[in-house]
*Asks:* 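What follows is a structure written as structure tokens; I'll ask about it next.
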Amino acid sequence: MSHSVFHQTLLCQTSTVAEHQSKRGVIGNSSTLFQSQQSVDKEKKLFLSTNFRGNPSFFVRKRKVAMGSKQTVPRAVLTSNAASQLSEKFNLEGNIELQVNVGSSGSGAATQVDIQLSNTSGSMVLHWGVICESQGKWVLPSRRPDGTQVYKNRALRTHFAKSGSGSLLKIEIDDPAAQAIEFLIVDEAQNKWYKNNGGNFHIKLPVKDKVAQQVSVPEDLVQIQAYIRWERKGKQSYSPEQEKEEYEAARRELLEEVARGTSVQDIRARLTNKSNDVEVKEPNKANAAEVKGSSASKTKTIPDELVQIQAFLRWEKAGKPNYSPEQQLIEFEEARKELQAELEKGASVDEIQKKIAKGEIKTKVSKQLKNKQYFRVDRIQRKKRDLMQLINRNAAKNIDQQLADADQQFVDAPKSLTIIERYANAKEEEYDTDSVLNKKTFKLADKNILVLITKDGGKIKVHLATDYKTPAIVHWALSRTTPGEWLAPPASSLPPGSVIMDKAAETPFKAGSSSDPFSEVQSLDIEVSDDTFRGLTFVILSDGKWLKNSGSDFSIEFGGKKQIQKDVGDGKGTAKFLLDKIADVESEAQKSFMHRFNIAADLMDQAKNAGQLGLAGILVWMRFMATRQLIWNKNYNVKPREISQAQDRLTELLQNIYASYPEYREVVRMILSTVGRGGEGDVGQRIRDEILVIQSKNGCKGGMMEEWHQKLHNNTSPDDVVICQALIDYISSDFDIGVYWKTLNDNGITKERLLSYDRAIRNEPNFSRDQKEGLLRDLGHYMRTLKAVHSGADLESAITNCLGYKSEGQGFMVGVQINPVPGLPSGFSDLVQFVMEHVEEKNVEPLIEGLLEARQDLRPLLLNKSQGRLKDLLFLDIALDSAVRTAVERGYEELNNAGPEKIMYFICLVLENLALSSDDNEDLIYCLKGWNLALSMCKGKDTHWALYAKSVLDRTRLALTNKAESYQKILQPSAEYLGSLLGVENWAVEIFTEEIIRAGSAASLSTLVNRLDPVLRKTANLGSWQVISPVETVGYVEVVDELLAVQNKTYERPTILIAKSVRGEEEIPDGTVAVLTPDMPDVLSHVSVRARNSKVCFATCFDPIIFAELQANKGKLLRLKPTSAEVVYSEVKEGENIDDKSTDLKEVDSIPSLSLVKKQFSGRYAISSEEFTGEMVGAKSRNISYLKGKVPSWVGIPTSVAIPFGVFEHVLSDKSNQAVAEKIDILKKKLTEGDFSVLKEIRETVLQLNAPPKLIEELKTTMKGSGMPWPGDEGEKRWGQAWTAIKKVWGSKWNERAYFSTRKVKLDHDYLSMSVLVQEVINADYAFVIHTTNPTSGDSSEIYTEVVKGLGETLVGAYPGRALSFICKKHDLNSPQVLGYPSKPIGLFIRRSIIFRSDSNGEDLEGYAGAGLYDSVPMDEEEKVVLDYSSDKLMTDGSFRQSILSSIASAGHAIEELYGTPQDIEGVVKDGKIYVVQTRPQV
């Protein structure tokens, strides 16, 4: 509540309180508005009878006080160290902090305000003024820092001085009336404003000591002020020391008022409600207090009914906040004071009643009282819905596959250059890049016209060329202001043979020389030395025919306005043929919206047939139009009805695609949002008709209104919606022309744009006061007509269009009747009415609930293909979606001080909105279910709620990242290629996809998630870091986007890599001493194991501010000191002594080479597990064989056989594979020469191997003899699948990661042999990896485990997200401790099958961990399943979780004891049973 609200006469008005409580018919249930009478009596008795004294025995109780007493006490003096009390600190954004210190150099001196900003640029400006009165208007003091400028006579602007990494500004204020300084901060370089929770920064200024020493305040007023402070703070129980502090604080507040010019009499009048003789008595059951005095008896009485209405109006004006009972009382009394002030000004009670007690308001107030919800926002009751029913699995073809197909079409159909294109290339080579200002090729049937604009020596040179066969003449002119203008060229610009005409010239083309390679090209050069000319307009005359640009003049600008996109490639990754076609017809589309929409409709079939990329091309084109990057109208008069009909045609086609192709719905929605709805019932014609009626009825036929009328008749556009709103705002503001321009400018319409219309608007509006009411009414109605045509996402018009309406024709006007959409659900009309009533409220939560409920009600209708009015429902759904985003952004301030429960609920709402707009939303729905579970856990005080919520948050971030990346892949290439063809400005192209994302719910969701993340980390005690490999080190900072991109690089000096992306399967580059990332690879992922084995510091940083600070240290030498919980870093200064323990500054030593013994073919193609030896198979197979019969009976070991070492080489030497062997030899030779691109080709060549019959027979016999199924029994195709899997395992010897890893340790690659472990796949519920010594802490008493749902490939492979992780003490295996819940969105599942595991002689060597480098391949492809953790017992059932995790830990402990050394164990859980599939020593 504001300062003024607290200064109420609560102490002396308890009789009023009691009166209101007794009148339940007026106030409603007293328990709603006030606290119970009993509690009121009790609290008043305790406090009202207390006398606060300013002597050492503070708060001594006295039974009766004469409050009008003139008694005074020794003068109180404000503290002279005001600066300490008036210092404030704010966090602006990220690591930017604001510190304000206010101080005074002595009695009577000016107040000094020091404003400091940390971590800022040198472009910061203070936008400020001072407050000298209660109204809060800014005053511009005369004493100002040097360089201060006055901004629009409303504020001062002063530049900060750069100070180190921050900025500093000192201001001195000597105005004795100054109560506070208010300001905003502007970063001029970024045009960015910093505000204080959406408002001004407000810093109170201290009262001078001199003033404080000269005044005193009666003690009885101090008592009342202290009481008000006590109530304001919730009537807390104070200790004697606190009572003393409160008493003096009350005194200081009153002294400050006196110092600012308020008289003691005014203060007394305010605090005692103008009563001069008041007693505070013991409260009794009848009254809480009595008010006596002559002035009270003379006061007119305001009926409580009017007070109630006035309080309701105040509440609505404040944005309908939820008030506590105490706040309700204050509001009620404030309303009474406002009405009392009206009476004192001479108004009668009847006049006040007529003014405020209108029928609609009385009804609203009555409804609030009936529902006992006064000062409460009503909300809808949301229906219970099964979220699973919202799942859409309508994904378009895999994005990467779409791009590959598009690029293949590009490769398959290379474009041959026309003679004009070759000619243009040759001409451009004659000039340097900066000299070419513009280039455009116009189509002329099957021929072309090239216009090349260059600048040389200050002159513009226009080069025209054509491959037109017959002789031709150019009829041309120049333009200055608008494209297409015809101005006669000066004589100095006329080429030889030209003829000057009226406003134009004619010049013949010159035929090419027969010896010229471009002899078929006619050309012409024009030089323009007058730099006031901006473009060329022309047509061509040939063989008696005028040749035009699709019926219009050809025109081209000389350049300088737009920076053309260059070097965007040849349209790879786009529907190139469609974009080329769009570029060809753009000049025709520029004639009018009618032309553009009709052309788009003509192209829709081609776009649909090209799939998602084709529709993306249409979206890019339409959005370039909507953002005014393309010309809207060019010298073409078109009726509004014709525009609306063209829109109607286009939107009908889009509606049909939406209904028939579910996988394209998301992009179709985006296209519709850029195109207006189009008109039914001839709404378009009403645009023309209604403006005439408005002019006639309101007597405004000249000036700006006539100019707008002419524009509307010539070519209406979405700008007209903005112009209409600007007029409404201008009239509503009592004809403030600044408001008119603000509305226009805020929506991108400048004076220049108004002048650029074919029918320019040159004048400002100018109306008289008697026109106000009629214009507001008629323009409000007209806005509905404009929005019906132009605004697809306008909520009010979209609702009206679906519910139906009728507008009668007047005179020549056409009548309109829109029928309701059939099939709308029961109660839908009331629901959208609720939405419209709450659409502008500050408390946005009920509004968002209503918007989402409306979207949910619409959803079945949107999925109904037979719905004839589908597009009207789509436009309504788009408008509801947009309204949710707007409301959420408006609600950010409400969340500033909200707890995690509130933020999580908002996340649920926004996530629901995003899911309702997405084609493939399964992951989003499971995120939503996860948030609902987290919210339930939070409300239920579950100790794991924050830890679980953090996993859902991480998954939500992954989902948002995936969505952003898919948009980038689909849209950005089309934006860049089409932008280059159409000459769209660089900035508009570069931010195209970013702006699409920012306009959706994904951006709002990201903001909310970022707000919640630090709260969850703090609650779950997660800190800002997860340290995976705690190694102290020193190195130079390098910043990279992806670790994958530099994994094969060698750094010449010790390097700390700050990598934005780490997938989990990368190698760590040579020379790297640390990898720090915001990504979240599993602790047991390949890269994590590599880091620990290589003694490289590896950690995840969760705090974006800390990570940004690390990035800012690029190139600096840092020391990292990790602990188990964080990484402490500091800069190593030049000459600083480096600890000898740090090996980081040593040269990157070469690792000694490892030797392998080459394995020979033993004569056996397959062996059983009993035959596994070191000469035949690798350690993986031998360990599995060793475990059989030795582990506890409740631990399962899968049956295994193996294809021994040497079989691959033997098969390769078989005569049937001679060609394959020769090709591999050639490729291996290239590999030794450094051509690493052949690795993939070698793997593909291995797949061409034929299986010797003896291999097939032996493998079949061995597998069946071991009790395993033989794939060939299911048919030849199944054996073919098995054979391909075996060859993929062999071929993985040449995968990139493994090959470069062996090179680093100088391992002889030819000596690397690969056996294959063959096992039956267990279709797992869960998979796990155990390290029996905690790898992050090295604690051997602790088992560390990660668990995933489904097969283990998501854990050991590069699958995003985190696994469930837990630790377990070996002495207490029944008490696992969960460290983190899973966030991996994908699980892998498989039918009963066989898996072929790599088992090389290069794994688990001493000093080198080769495990995980080579591939294990199942015979059948795994099924990717989007995971729903909210229904998984491992997350929701504590007993089940404890049982499974304890069993896993017990199995790991048993195997470690069997080997006697720490183990790295992989296994699965199926139906509660533990299976171990492999174990190896933990390195």
*Asks:* Please examine the side chains of V1083 and P1335, heavy atoms only from C-beta on, and report whether any two atoms are closer than 4.5 Å.
*Replies:* yes
*Asks:* In Å and rounded to the nearest 0.5 Å, what is the CD to NE2 distance from E1066 to H1086?
*Replies:*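 So the gap between those two atoms works out to 8.5 Å.
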*Asks:* What I want to check is whether the side chains of E1342 and N1334 have a donor and an acceptor closer together than 3.5 Å.
*Replies:*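 Yes, a side-chain donor-acceptor pair sits under 3.5 Å.
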*Asks:* Do D1432 and Y1326 have a side chain donor and acceptor closer than 3.5 Å?
*Replies:*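 Looking only at side-chain atoms, Y1326 and D1432 do form a donor-acceptor pair, the distance falling under 3.5 Å.
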*Asks:* Under a 3.5 Å threshold, yes or no: a donor from one side chain and an acceptor from the other, between S1088 and S1085?
*Replies:*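 There is such a pair between these side chains.
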*Asks:* Do Y926 and R955 touch side chain to side chain, with heavy atoms closer than 4.5 Å?
*Replies:*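 Yes, close enough: below the 4.5 Å cut-off.
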*Asks:* Dump the intermediate steps for side chain to side chain contact (heavy atoms under 4.5 Å, CB included) on D1399 and Y1414, then the final yes or no.
*Replies:* CA-CA 8 Å; D1399 192 18; Y1414 307 102; over 6 Å; no
*Asks:* Output the distance between atom OG (S1130) and atom NZ (K1121), rounded to the nearest 0.5 Å.
*Replies:* 6.5 Å
*Asks:* Looking only at side-chain N and O atoms, does S1292 offer a donor or acceptor that is under 3.5 Å from a partner on N1295?
*Replies:* no
*Asks:* First locate atom CD of E1353, then atom OG of S1416, and finally report the distance between them rounded to the nearest 0.5 Å.
*Replies:* 8.0 Å
*Asks:* Less than 3.5 Å apart, any donor N or O on the side chain of E1456 or T1332 sitting next to an acceptor on the other?
*Replies:*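 Distance-only check passes for E1456 and T1332.
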*Asks:* Using modelled atom types only, decide if a donor and an acceptor are shared between the side chain of T1333 and the backbone of P1462 within a distance under 3.5 Å.
*Replies:* no
*Asks:* Any salt bridge between D1013 and R957, counting N to O under 4.0 Å?
*Replies:* yes
*Asks:* Take atom NZ in K1158; do more than 12 heavy atoms of anything else shown fall under 6.0 Å from it?
*Replies:* no
*Asks:* Show, in sequence, the C-alpha distance, side-chain angles and deciding distance for R1441 and D1437, and conclude whether the salt bridge (Lys or Arg N to Asp or Glu O under 4.0 Å) test is met.
*Replies:* CA-CA 6 Å; R1441 181 168 61 245; D1437 187 332; over 6 Å; no
*Asks:* For D1471, is there any backbone N or O sitting under 3.5 Å from a side-chain donor or acceptor partner on D1325?
*Replies:*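 Side chain of D1325 to backbone of D1471, a donor-acceptor pair under 3.5 Å: yes, one is there.
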*Asks:* So S1024 and R1017, do their side chains get closer than 4.5 Å, heavy atoms only?
*Replies:* yes
*Asks:* Output, in order, the C-alpha distance, side-chain angles, deciding distance and verdict of side chain to side chain contact (heavy atoms under 4.5 Å, CB included) for I1330 and I1343.
*Replies:* CA-CA 7 Å; I1330 305 170; I1343 294 171; 3.6 Å; yes
*Asks:* Give the ring-plane orientation class for Y1186 versus Y1459, where under 30° counts as parallel, over 60° as perpendicular and anything between as tilted.
*Replies:* tilted
*Asks:* How long is the span from the CD atom in E1320 to the CE atom in M1268, to the nearest 0.5 Å?
*Replies:*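 Answer rounded to 0.5 Å: 6.0 Å.
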*Asks:* For S1200 and Q1319, test the side chains for any donor-to-acceptor distance below 3.5 angstrom and give the result as yes or no.
*Replies:*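 Their side chains do contain a donor-acceptor pair, which is all the 3.5 Å distance test asks for.
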*Asks:* Has D1464 got a side-chain atom pairing as donor or acceptor with P1481's backbone, closer than 3.5 angstrom?
*Replies:*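 Such a contact is absent between D1464 side chain and P1481 backbone.
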*Asks:* Could you verify whether a donor N or O on one side chain and an acceptor N or O on the other, from T1173 and E1175, lie under 3.5 Å apart?
*Replies:*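 On atom types as modelled, these side chains do not qualify, holding no pair under 3.5 Å.
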*Asks:* Where do V1037 and L1110 land on the side chain to side chain contact (heavy atoms under 4.5 Å, CB included) test, with the steps shown first?
*Replies:* CA-CA 8 Å; V1037 174; L1110 283 165; over 6 Å; no
*Asks:* Does the side chain of Q1463 pick up a donor-acceptor pair with the side chain of T1461 at under 3.5 Å?
*Replies:*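 Distance-only check passes for Q1463 and T1461.
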*Asks:* For R1480 and N1183, which heavy atoms make the closest approach, and how far apart are they?
*Replies:*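 Closest approach of R1480 to N1183, heavy atoms only: CA-ND2, 3.8 Å.
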*Asks:* Considering the options E1052, K1116, R1053, which one meets the side-chain contact (heavy atoms from CB on, under 4.5 Å) requirement together with Y1036?
*Replies:*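 Testing Y1036 for a side-chain contact (heavy atoms from CB on, under 4.5 Å) against E1052, K1116, R1053 leaves exactly one candidate, R1053.
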*Asks:* Starting from the C-alpha separation in whole Å, work towards a yes-or-no answer on salt bridge (Lys or Arg N to Asp or Glu O under 4.0 Å) for D1415 and R1397.
*Replies:* CA-CA 7 Å; D1415 297 342; R1397 299 183 184 276; over 6 Å; no
*Asks:* Taking all atoms of both residues into account, what is the closest heavy-atom pair of S951 and P1382, and its distance?
*Replies:*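 Result for this residue pair: CB-O, 3.5 Å.
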*Asks:* Do the side chains of I1465 and V1329 get nearer than 4.5 Å, heavy atoms only?
*Replies:*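 V1329 vs I1465: side chains apart.
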*Asks:* How close do S1398 and M1314 get, heavy atom to heavy atom, and via which atoms?
*Replies:* CB-SD, 3.7 Å
*Asks:* Between the side chains of S1375 and D1372, does any donor sit under 3.5 Å from an acceptor?
*Replies:* yes
*Asks:* To the nearest 0.5 angstrom, please state how far the NE2 atom of H1453 sits from the OG atom of S1446.
*Replies:*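 Going from the NE2 atom of H1453 to the OG atom of S1446 covers 13.0 Å.
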*Asks:* Is a side-chain donor or acceptor of Q1442 paired with a backbone partner of N1374 at a separation under 3.5 angstrom?
*Replies:*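 Indeed, once roles are kept as given, a pair shorter than 3.5 Å links the two residues.
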*Asks:* When rounded to the nearest 0.5 angstrom, what is the spacing between CD1 in I1184 and OG1 in T1479?
*Replies:*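 The distance works out to 8.0 Å.
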*Asks:* Could you check whether atom NZ of K1370 has more than 12 heavy atoms from other residues, nucleotides or ligands sitting under 6.0 Å from it?
*Replies:*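 More than 12 heavy atoms, drawn from other residues, nucleotides or ligands, come within 6.0 Å of this atom.
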*Asks:* Considering only heavy atoms from C-beta outward, does the side chain of I1455 approach that of L1187 to under 4.5 Å?
*Replies:*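 Answer yes - side chains close enough.
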*Asks:* With a 4.5 Å limit on heavy-atom distance, are the side chains of M1435 and Y1381 in contact?
*Replies:*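 Counting from C-beta outward, M1435 and Y1381 do come under 4.5 Å.
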*Asks:* Judged by atom type as modelled, is there a donor-acceptor pair below 3.5 Å linking the side chain of S1094 to the main-chain atoms of R1090?
*Replies:*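 At least one qualifying donor-acceptor pair exists.
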*Asks:* Can you give me the closest heavy-atom contact between A1363 and D1082, atom names plus distance?
*Replies:*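 A1363 and D1082 have their closest heavy atoms at N-OD1, 2.9 Å.
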*Asks:* Under the 3.5 angstrom rule, does the side chain of S1447 hit a backbone N or O of S1443 as a donor-acceptor pair?
*Replies:*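 Pair found, side chain donor or acceptor close to backbone of S1443.
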*Asks:* Does K1369, at its NZ atom, have more than 12 non-hydrogen atoms belonging to other residues, nucleotides or ligands within less than 6.0 Å?
*Replies:*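 Correct, the count exceeds 12.
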*Asks:* Is there a donor-acceptor pair under 3.5 Å between the side chain of D1070 and the backbone N or O of T1050?
*Replies:*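 It does not hold such a pair.
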*Asks:* Could you tell me whether the side chain of Y1429 and the main chain of T1436 form a donor-acceptor pair under 3.5 Å?
*Replies:*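 Checking the backbone N and O of T1436 against the side chain of Y1429, no donor-acceptor pair under 3.5 Å is found.
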*Asks:* Is the NZ or CZ atom of K950 positioned over Y948's six-membered ring, under 6.0 angstrom from the centre and within 45° of the axis?
*Replies:* no
*Asks:* To check you understand the geometry: which heavy-atom pair defines the closest contact between L1057 and L1043, and what is its length?
*Replies:* CD1-CD1, 3.8 Å
*Asks:* Within the side chain of K1159, is there an N or O that forms a donor-acceptor pair under 3.5 Å with the backbone of M1176?
*Replies:* no
*Asks:* Do Y1359 and L1388 make a side-chain contact, defined as non-hydrogen atoms from C-beta onward lying under 4.5 Å apart?
*Replies:*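 Heavy-atom side-chain distance check passes, below 4.5 Å.
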*Asks:* Please check if the number of heavy atoms outside K1470 that lie under 6.0 Å from its NZ is greater than 12.
*Replies:* yes
*Asks:* For residues F1098 and V1089, determine if any side-chain heavy atom of one lies less than 4.5 Å from a side-chain heavy atom of the other.
*Replies:*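 Side-chain contact under 4.5 Å: no.
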*Asks:* Would one find more than 12 heavy atoms of other residues, nucleotides or ligands at under 6.0 Å from atom NZ of K1424?
*Replies:*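 Not more than 12 within 6.0 Å, no.
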*Asks:* Is it true that S1168 and E1171 share a donor-acceptor pair across their side chains at a distance under 3.5 Å?
*Replies:* yes
*Asks:* Side chains of E1346 and H1331 only: does a donor on one sit below 3.5 Å from an acceptor on the other?
*Replies:* no
*Asks:* Closest heavy-atom contact between L1434 and F1440?
*Replies:*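 Looking at all heavy atoms of both residues, the shortest contact is N-CD2, 3.8 Å.
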*Asks:* Does the pair S1169 and K1188 meet the rule for a side chain to side chain contact (heavy atoms under 4.5 Å, CB included), with working shown?
*Replies:* CA-CA 10 Å; S1169 60; K1188 291 189 75 171; 4.2 Å; yes
*Asks:* Quick one: does N1401's side chain have a donor or acceptor within less than 3.5 Å of a partner on Y1311's backbone?
*Replies:* yes
